[in-house]
Asker: 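Please find one structure pasted underneath; my questions will follow.
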Protein chains: 2
Amino acid sequence: MTAASKTVSDVIHSHFGTLTRAEKQLAESLLDNYPVSGLGSITTIAENAGVSTPTVVRMVQKLGFKGYPDFQAHLHQEVEATISNPIAKHDRWASNAPGTHILNRFADAIMGNLRQTLSALDTATFNDVASLLSDRKRGLYFVGGRITGALAEYFFTHMQVIRPNTALLSSNSSSWPQYVLNMNPGDLLVIFDIRRYEQEMVSLATAARKSGAEIVVFTDQWVSPAAKLARHTFRVQIEAPSAWDSSVVTLFIVEALIEAVQSSTWDETKERMKTLEGLFEQTRLFRKLG
Amino acid sequence: MTAASKTVSDVIHSHFGTLTRAEKQLAESLLDNYPVSGLGSITTIAENAGVSTPTVVRMVQKLGFKGYPDFQAHLHQEVEATISNPIAKHDRWASNAPGTHILNRFADAIMGNLRQTLSALDTATFNDVASLLSDRKRGLYFVGGRITGALAEYFFTHMQVIRPNTALLSSNSSSWPQYVLNMNPGDLLVIFDIRRYEQEMVSLATAARKSGAEIVVFTDQWVSPAAKLARHTFRVQIEAPSAWDSSVVTLFIVEALIEAVQSSTWDETKERMKTLEGLFEQTRLFRKLG
DNA sequence: GCTGTCATGAAAAGAAATTTTCAGAGCGCG
DNA sequence: CGCGCTCTGAAAATTTCTTTTCATGACAGC
């Protein structure tokens, strides 16, 4: 029997692939605030999910329940189990996997990193960097190392949409001098440099400062030497139960900065995005016609 | 109003003296295993308590509720409160910043994304993908879109160190055919495709399948069309309080996979990393000497 | 003992919920 | 473009739940 020992949540997940659009929408709604969201009548949950009641019936039958009442009976049992056993809950991220599974150990570590990084992070620094990035008069340059190059690229790709006057330096240092040559006073150089700090980053930072550029550094808890030259530094916790360092929290801060910049200059950005949409559309047409 | 702020349990207790024999019997039944016992229909709880349905109606009205549905709605609210409290939201991540600061809102959202993604993620899928990636006989190909290209690159950069036979496809589709041409049966194509799904990804996936390649897709909750062709799909929650989608959780899974592959083939990888160290050292020397 | 009051549940009436039917919309495919 | 397919929700049909009505029985007071 499909719904015998597994939880309703499990059953939904395991069938998710076979669900249709409206059913997925319903499933999302049920899983959001699970299992309480499934306590009401079929009418209520259909309304909450924005689907019709027949959709609900079809889905629960597809999941292997006899009908809605049967489905709800199972939910009630789970609620009962949950409530009578309040301490359990959430000691595991990926349920159905042992607590020692890499996913769970990683999740714990990243949570810790995020918590530590944010509690150490100065909000004023964040706000100031956001406003520097928002200033369209300043040119923006992004650079990362072998591993962090992808982060620099990610940051750059977004900022390039949001505002003009941005550049991504290749992670290969040979082309850097020509960028420095073009830097103007007030320009902003965003450096990603985590352990196994690359010596050349310091040279780059030094040269950029000579051109009058401001520097922002993303680094780890042991701090890149380039940070000495920086106006602002983000010290990110990067340890993971892995032979490699984790960039998750760094990406988190990058995304938060992107949103901060985005929202502070929404009016101007909106226009740019519309234009961009148009350009993409054109490109697509070109391809079809070609 | 009687049932305003007090819990249903409180209300029952405070009216207990004025209840009749059958009503007391019902009240006992409700309080036993409270509040779950009140989740069912009026018929069910009447049967459980060994009283008639009119008794139930009379009692809940005596308690100050408009009717049975009203009574039950209050119970549902309590169940919800009970269930969601233990999970207790971290009220503030970045202290010294208001709870509404973008950093805190982002942290909440990412936590939710991570939780939902992991609970939906099938560990067997994860393990299977990890072992596919570990198999050195299979060639590995990584590809991403405009935004997700950086993720593909990040994944690629790590895998390239860990094992041979890996390639990164440019996010520009014009060079894809030549890669497909070289794919062998059993090769693995890792696709990153989140909303604003790129039509070309489906074409690429189709072509790769024809060459006998297996496909793994990283996509969002709305699922890329390319997932239909995939052996395994990671559905990642990507919503953030932002005009942009969040890649943090996707990166999380990528890093966990990297570690899973790394650790499953540590002996072989160790040698490679030593050699790589040596090569870097040499490069540095070249530069100094040059 | 008679009478009135109250508690109680059976059963009817009324209201909702659940399921089924069905037609239209959308989409892929030849 | 048309055909057939699937998905979807409106609405009907059915079932179940909720409330009301009412008959019965218990019991206290007269």
Side-chain angles (χ1 to χ4, degrees), chain A residues 3 8 12 15-30 36-76 288, chain B residues 3 8 12 15-30 36-76 197 199-203 205-206 209-210 221-229:
Chain A
V8 174
I12 295 179
H15 284 70
F16 204 92
T18 71
L19 299 182
T20 64
R21 180 192 54 74
E23 289 170 350
K24 279 183 185 167
Q25 192 174 326
L26 168 62
E28 297 278 5
S29 164
L30 285 176
V36 183
S37 39
L39 248 42
S41 72
I42 196 172
T43 320
T44 317
I45 68 165
E47 262 176 27
N48 283 346
V51 302
S52 65
T53 55
T55 301
V56 179
V57 175
R58 280 189 294 259
M59 191 185 77
V60 299
Q61 287 175 350
K62 206 189 251 186
L63 295 180
F65 300 96
K66 213 182 150 193
Y68 186 74
D70 182 39
F71 168 80
Q72 205 170 41
H74 281 262
L75 267 185
H76 283 174
K288 273 185 193 157
Chain B
V8 174
I12 294 179
H15 285 69
F16 204 89
T18 70
L19 299 182
T20 66
R21 180 192 53 76
E23 287 171 351
K24 279 182 182 161
Q25 191 177 325
L26 169 61
E28 299 278 9
S29 165
L30 285 176
V36 183
S37 41
L39 249 40
S41 73
I42 196 171
T43 320
T44 316
I45 68 165
E47 264 176 26
N48 283 345
V51 301
S52 66
T53 56
T55 302
V56 180
V57 174
R58 280 190 292 261
M59 191 185 77
V60 300
Q61 285 175 349
K62 206 190 251 184
L63 295 180
F65 300 96
K66 212 181 150 193
Y68 185 74
D70 183 38
F71 169 80
Q72 204 170 42
H74 282 262
L75 268 186
H76 281 176
Y197 309 114
Q199 181 55 45
E200 287 133 340
M201 286 294 177
V202 179
S203 320
T206 310
R209 278 291 293 275
K210 280 200 185 116
Q221 62 230 83
W222 301 282
V223 183
S224 154
K228 286 192 189 121
L229 298 156

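Naming convention: chains lettered A, B, ... in sequence-line order (proteins, then strands); numbering from 1 in each chain.
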Asker: For a side-chain contact (heavy atoms from CB on, under 4.5 Å) check, start with the C-alpha distance between A:Phe71 and A:Val57, then their side-chain angles and the critical distance, and finish with the verdict.
Answerer: CA-CA 10 Å; A:Phe71 168 80; A:Val57 175; over 6 Å; no
Asker: Using whole Å, what does the distance between atom P of nucleotide C:dT19 and atom NZ of A:Lys66 come to?
Answerer: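 After rounding, the reported distance stands at 10 Å.
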Asker: With a 4.0 Å cutoff (strictly under), does any side-chain N or O of B:Thr55 reach OP1 or OP2 of C:dG9?
Answerer: yes
Asker: From the list D:dT18, D:dG9, C:dA11, which nucleotide is the closest neighbour of the side chain of B:Thr43?
Answerer: D:dT18
Asker: Using whole Å, report how far CD of B:Gln72 lies from P of D:dT18.
Answerer: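 Taking CD of B:Gln72 and P of D:dT18, I get 7 Å after rounding.
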Asker: Send over the distance from A:Tyr68 OH to D:dT15 C1', rounded to a whole Å.
Answerer: 16 Å
Asker: Taking donor-acceptor contacts at under 3.5 Å, does the side chain of B:Arg58 reach the base of C:dG9?
Answerer: yes
Asker: In whole Å, what is the span from the NZ atom of B:Lys24 to the P atom of C:dA7?
Answerer: 11 Å
Asker: Report yes or no: does A:Gln72 contribute a side-chain atom to a donor-acceptor pair with the main-chain N or O of A:Leu39 at less than 3.5 Å?
Answerer: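 It does hold such a pair.
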Asker: Using a cut-off of 4.0 Å on non-hydrogen atoms, how would the nucleic acid contact of A:Gln25 be classed: base, sugar-phosphate, or nothing?
Answerer: nothing
Asker: Nearest whole angstrom, please: distance from the C1' of C:dA7 to the CD of B:Gln61.
Answerer: 15 Å
Asker: From B:Glu28 CD over to B:Phe16 CZ, what is the distance, rounded to the nearest 0.5 angstrom?
Answerer: 4.5 Å
Asker: In whole angstroms, how far is the P atom of D:dA10 from the CD atom of A:Glu47?
Answerer: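 Rounded to the whole Å, the gap is 11 Å.
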Asker: Whole angstroms only, please: what is the CG-C1' distance between A:Asp70 and D:dT15?
Answerer: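 Whole-Å distance recorded here is 16 Å.
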Asker: When you measure from the side chain of B:Thr20, which nucleotide among C:dA7, D:dA11, D:dT20 comes out closest?
Answerer: C:dA7
Asker: Report the distance from atom CD1 of A:Ile45 to atom P of C:dT19, rounded to the nearest whole Å.
Answerer: 11 Å
Asker: Looking at the side chain of B:Ile42, which of C:dG9, C:dT19, D:dC17 is the nearest nucleotide?
Answerer: D:dC17
Asker: Examine D:dT8: is either OP1 or OP2 under 4.0 Å from a nitrogen or oxygen in the side chain of A:Ser52? Give yes or no.
Answerer: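 Indeed not, no polar side-chain atom of A:Ser52 lies that close.
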Asker: Please determine, by modelled atom types, if B:Ser203 and B:Thr206 share a side-chain donor-acceptor pair under 3.5 angstrom.
Answerer: no
Asker: Backbone N or O of B:Ala22 within a donor-acceptor pair of the B:Gln25 side chain at under 3.5 Å?
Answerer: no
Asker: Name the residue closer to the 5' end of DNA chain C, choosing between B:Glu23 and B:Thr53 according to the nucleotide with the nearest heavy atom.
Answerer: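 Closest to the 5' end, via its nearest nucleotide, is B:Glu23.
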